[in-house]
Every structure is written in structure tokens, then in C-alpha cells.
2 protein chains.
Amino acid sequence: MKHEPFNESIEMYLKTACELAVGDAPVAISALAGRLGVSAVSATEMVHRLQESGLVDHQPYKGITLTEDGRHQAAAVIRSHRLWECFLVDHLKLPWDEAHEWSCRLEHATDPQVTDALEVYLGYPLTCPHGSPIPTPDGTIVEPADQPLTTLLPGQSAVIARIYPETAELLSYLSDLGLTTGTRIILKERAPFHGPLVLLVGEDIRYLGGEGAAQIFINQVEDAS
Amino acid sequence: MKHEPFNESIEMYLKTACELAVGDAPVAISALAGRLGVSAVSATEMVHRLQESGLVDHQPYKGITLTEDGRHQAAAVIRSHRLWECFLVDHLKLPWDEAHEWSCRLEHATDPQVTDALEVYLGYPLTCPHGSPIPTPDGTIVEPADQPLTTLLPGQSAVIARIYPETAELLSYLSDLGLTTGTRIILKERAPFHGPLVLLVGEDIRYLGGEGAAQIFINQVEDAS
DNA sequence: CTGTATTTTCAGGTTAACCTGATCTTACAG
DNA sequence: CTGTAAGATCAGGTTAACCTGAAAATACAG
């Protein structure tokens with residue numbers, strides 16, 4: 001089996017670059033390398049290849065930005081990833097926290113036509129089960145209108161809107177705590193210096209470390225009664 | 001992205017070996033190589049690797065047979081392939097002939113848990129849209145009870161039960177002719193020496209080359225009125 | 001039982017995506 | 001405005017899965 005244009009690595013780089021990008025700021029190669037679990041040298045090598053192919057723009061010592069083409073391809077991968085997550089969770093009834101990892105493999109094996117048909121089948125969902133928006137076929141990704149859990153004040157309540165970035169460990173942990181998207185929580189108190197949060201989830205008290213809290217986004221903030 | 005145990009090639013070899021096997025007869029390496037579009041040398045190399053891993057039994061100058069382990073893994077790949085085909089055709093309403101190629105990519109990216117959930121979701125289909133049986137989770141594959149179209153006599157009618165082996169070109173061609181699984185046909189006449197068949201499909205006359213006919217299997221044979 | 005075609009092996013080569021270690025270049029903070 | 005950490009590059013190495021060309025081993029048919 002000759003491995004035709006071997007997209008998978010390329011797609012992972014583009015996807016990761018897209019996910020790490022905030023606004024127009026270039027993404028550091030070291031950040032890319034870190035997230036992909038690859039050495040800085042390897043990442044630099046690959047970035048050169050991507051540059052050759054016109055998928056990224058590399059400003060030495062600054063970082064990379066995706067070209068139109070690159071952003072488009074990245075969005076396509078993210079799109080299929082999130083749609084598969086919807087399918088796995090909503091239709092196949094597979095666990096909320098494991099769907100992410102499984103979709104990480106499916107996302108590279110999905111033809112755009114399949115992705116589009118899947119979207120229709122699912123009824124054009126707006127977000128994945130973890131709250132992240134689903135890119136449109138033309139590559140636009142709407143900015144989520146939520147705020148970090150770290151901005152919630154003691155005595156307030158809110159609904160978990162999104163987990164980002166999605167990591168297998170955190171999703172599994174949150175799943176165990178019952179802290180899935182759509183869950184309303186009340187912040188009882190917060191230790192300073194990124195210490196743990198004390199949350200009321202239904203009838204239960206949950207303690208959540210600051211690192212995890214930084215990856216949780218909320219909306220529908222209210223003063224708890 | 002480090003490419004962890006890189007299954008894809010291995011899976012293709014195992015799957016192909018399984019598909020080429022008839023009974024207990026060993027599969028020639030050249031046959032494997034031919035089907036995979038790879039040189040005999042490369043196939044031999046890979047067969048050695050598979051032997052090391054205990055997936056395959058290689059008798060020099062005879063061919064290979066799958067070990068229990070190998071057969072099991074092959075069945076898992078075929079299983080996910082055919083279940084995906086069901087999903088793509090029956091649920092996503094994607095074209096009957098293109099589903100095969102798309103499933104060829106998905107099959108390697110599917111966790112067994114996902115495969116099993118998919119089977120439940122689809123309602124335990126017995127065959128893929130092209131008529132091939134879906135292996136059970138434990139790796140058994142039921143022998144189809146159909147016969148080659150080449151055994152049909154002029155004046156008889158039958159229902160297309162299965163296309164095998166599935167190749168993109170043939171499926172696309174048959175799709176254009178309306179010769180999909182489940183279609184009842186009547187054999188008007190047959191030229192000798194594997195010449196073309198003259199078929200009545202509904203109201204239409206179709207001519208089908210002998211090579212194509214060899215990949216079509218039928219059942220429900222009746223004498224046409 | 002020999003000859004030819006198939007199989008296998010050997011030698012040597014390629015590519016993509018990784019790696020480490022060492023060196024060079026640049027940004028920016030004090 | 002200089003020193004140091006972060007970033008980039010160079011050199012050299014690995015692995016899996018391919019390749020071609022050529023030589024050796026074997027099967028089996030006439």
C-alpha cells in the first residue's frame with residue numbers, strides 16, 4: 001500500500017496551528033511542537049515543508065500564521081472532528097469524554113463529501129458535545145460567546161458551555177465529576193492564586209483545580225439564590 | 001505527531017490476505033502484492049514482518065495463511081469497513097458505489113468500541129450494501145449462499161446478491177447500469193468464451209462484459225416468464 | 001528429469017517523519 | 001547595550017514502507 005499524499009501529519013500541524021492561533025498573532029513553533037509531542041527541530045522541519053506547500057507563513061523567530069489555504073484545510077479537519085464527536089455521542093451513545101480521542105482518528109479519514117453529508121444527517125449542529133463551534137464548509141469558525149470559569153465570582157452560578165482545549169485526561173476527569181457541558185454549577189468559593197474552586201453541582205460539592213478551571217468556559221451567569 | 005504502531009499497512013495486508021483466501025489454501029505473495037499495488041519484494045518484506053508478529057504463517061514458495069490472531073484482526077477491519085458502508089449508504093444517503101472507497105479510509109481509523117456501537121445503531125445488518133457479510137465481533141464470517149452470475153442460464157432470472165471483490169471502477173459502472181444489489185435481472189443470452197451477457201433490467205437491455213460478470217453473485221434464480 | 005516460470009533473496013536506494021546534540025542567531029529585559 | 005534564553009539551523013542517525021535490478025531457489029508441467 002503506497003501511502004499516497006500523506007496528509008495525517010500535515011493535517012495535525014495545520015489543525016494544531018489553527019487551534020493555538022489567537023487573532024492574527026503568529027503561533028510559536030515551540031508551542032506547536034509541544035502540543036504535538038514532537039521536538040522543536042522536527043516541527044521546524046515540517047513548518048518548512050508546509051511553507052513550501054504554501055499552507056503556512058513562517059516569520060523566523062516569530063512564529064507561523066496559516067495562509068488562506070492552510071486555514072481552510074485546518075478548518076476542514078476540525079469540522080469533521082467535531083461532527084464525528086456529535087455522531088458518536090448523540091447517536092452512538094458513546095461516552096462524552098472518549099469521543100474526542102476517537103474522532104482524532106476519524107477526522108483524517110473523512111472525505112469532505114462524507115463530512116457534509118454527516119452534517120446534514122446530524123441536523124446542522126452548532127457545536128460539538130464539548131461546546132466548540134463547528135466550522136462551516138467554507139472554513140469560518142464563529143467565536144464562542146462564553147467566558148472563562150475563572151471569571152466567575154463566589155455566589156454566582158453558570159452553565160458549562162465549553163471545554164477548551166479538549167484533552168483526554170481533563171474530559172475524563174470532568175466526566176467523573178459530572179462537570180459536562182450544559183451542567184449548571186454554583187461557585188461556592190475560590191482559593192486565591194489559582195487554587196482549587198469549590199463548586200456545587202446539583203446536590204454535590206466538587207473541588208476543581210485551577211489548571212482545569214482554565215480550560216472551562218461558561219455562560220448564563222446568574223447570582224445564585 | 002509520532003505515528004504510534006502504524007497499523008494501516010499491516011491492516012491492509014491482513015485484510016487483503018483474508019479476502020483472497022479461499023478455504024485453507026495459502027495465499028500467494030504475488031497475489032497479495034498485485035492486489036495491494038506493491039512489488040513482490042515489498043510484499044515479501046512485509047510478510048516477514050507479519051510473520052515476526054505472529055499474524056501470518058508463511059510457507060516459502062507456497063504462500064501465506066493467517067494465524068488466528070491475524071484472521072481476527074483482518075475480520076475486525078473488514079467488519080468496520082462494511083458497517084461504515086451501511087452507514088454511509090443507508091443513513092447518509094451517499095452513493096452506493098462511492099461508499100466503498102470512503103470506507104477504505106474509515107476502516108483503519110475506527111476503534112473496536114466504535115465499530116460495535118455502530119453495529120447496534122445500524123440494527124445488526126447482515127451484509128454491507130454490496131452484499132458481503134459483516135463479520136461478527138469474534139471474527140466469524142458466514143459464507144454467502146449465492147452463486148456466480150456466470151452460472152445463470154439464458155431465460156432465467158435472478159436477483160443480484162453480491163458484488164465481489166468490490167472495486168471502485170466496477171461498482172461505479174454497475175451503478176450506472178442500474179445493476180445494484182437487490183435488482184432482479186433476466187439473462188437474455190450469453191456469448192460464449194466469457195463474452196458479454198445480455199441482461200434485461202426492468203425494461204432496459206444491458207450488456208455486461210464477462211470480467212464484470214465474474215464479480216457478480218446472484219440468488220433467487222427462477223425461470224423467467 | 002529437465003526447463004521455464006514463479007518465488008525468494010540480496011544489494012542498494014528513496015522518502016517522510018521523526019530523533020539527539022551542537023552551534024548559531026535573534027529578541028528583549030535589565 | 002549587553003547577556004541570556006528562546007528560536008533556528010546544521011550534522012548525522014533511525015525507522016517503516018516502499019522501489020529497482022539481479023541472482024538464487026524451487027515447483028511443476030511436459
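Naming convention: chains lettered A, B, ... in sequence-line order (proteins, then strands); numbering from 1 in each chain. Just the heavy atoms: all of them, side chains too, but no hydrogens, waters or symmetry mates, feed the values below.
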Quickly work out the Y61(B) OH to dT7(C) P distance and round it to whole Å. 11 Å

Under 4.0 Å between a side-chain N or O of S9(A) and OP1 or OP2 of dC18(C)? yes

Tell me yes or no: between the side chains of E11(B) and H108(B), is some donor less than 3.5 Å from an acceptor? yes

Over how many whole Å does the gap from E45(A) atom CD to dG13(D) atom P extend? 15 Å

Report yes if at least one side-chain N or O of R49(A) is closer than 4.0 Å to OP1 or OP2 of dA16(C); otherwise report no. no

Taking only N and O in the side chain of H58(B), is any of them less than 4.0 Å away from OP1 or OP2 of dT8(C)? yes

Whole-Å distance separating the CD1 atom of I64(B) from the P atom of dT7(C): 13 Å

Nearest to the side chain of S39(B), which nucleotide is it out of dT7(C), dC19(C), dT20(D)? dT20(D)

On DNA chain D, check which nucleotide each of P60(A) and S42(B) is closest to and give me the residue with the more 5' one. P60(A)

Over how many whole Å does the gap from H48(B) atom NE2 to dT9(C) atom P extend? 4 Å

L50(B) has an atom CG; how far is it from atom P of dA17(D), in whole Å? 9 Å

Q59(A) CD to dT26(C) P: how many Å, rounded? 15 Å

Side chains of E68(B) and H72(B): donor-acceptor distance under 3.5 Å anywhere? no

Between H81(B) and H100(B): side-chain donor-acceptor atoms closer than 3.5 Å: yes

Looking at Y13(B), I'd like to know whether one of its side-chain N or O atoms comes within less than 4.0 Å of OP1 or OP2 on dC18(D). yes

With a 4.0 Å cut-off on heavy atoms, is S30(A) in touch with a base, just the backbone sugar-phosphate, or nothing at all? sugar-phosphate

Would you kindly say whether D138(A) and T136(A) are connected by a side-chain donor-acceptor distance under 3.5 Å? yes

Does the side chain of S103(A) come under 3.5 Å of the side chain of E107(A) through a donor N or O and an acceptor N or O? no

Rounded to the Å, how far apart are K62(A) NZ and dT25(C) P? 18 Å

Calculate the interatomic distance between M46(A) atom CE and dG7(D) atom P; express it in whole Å. 20 Å

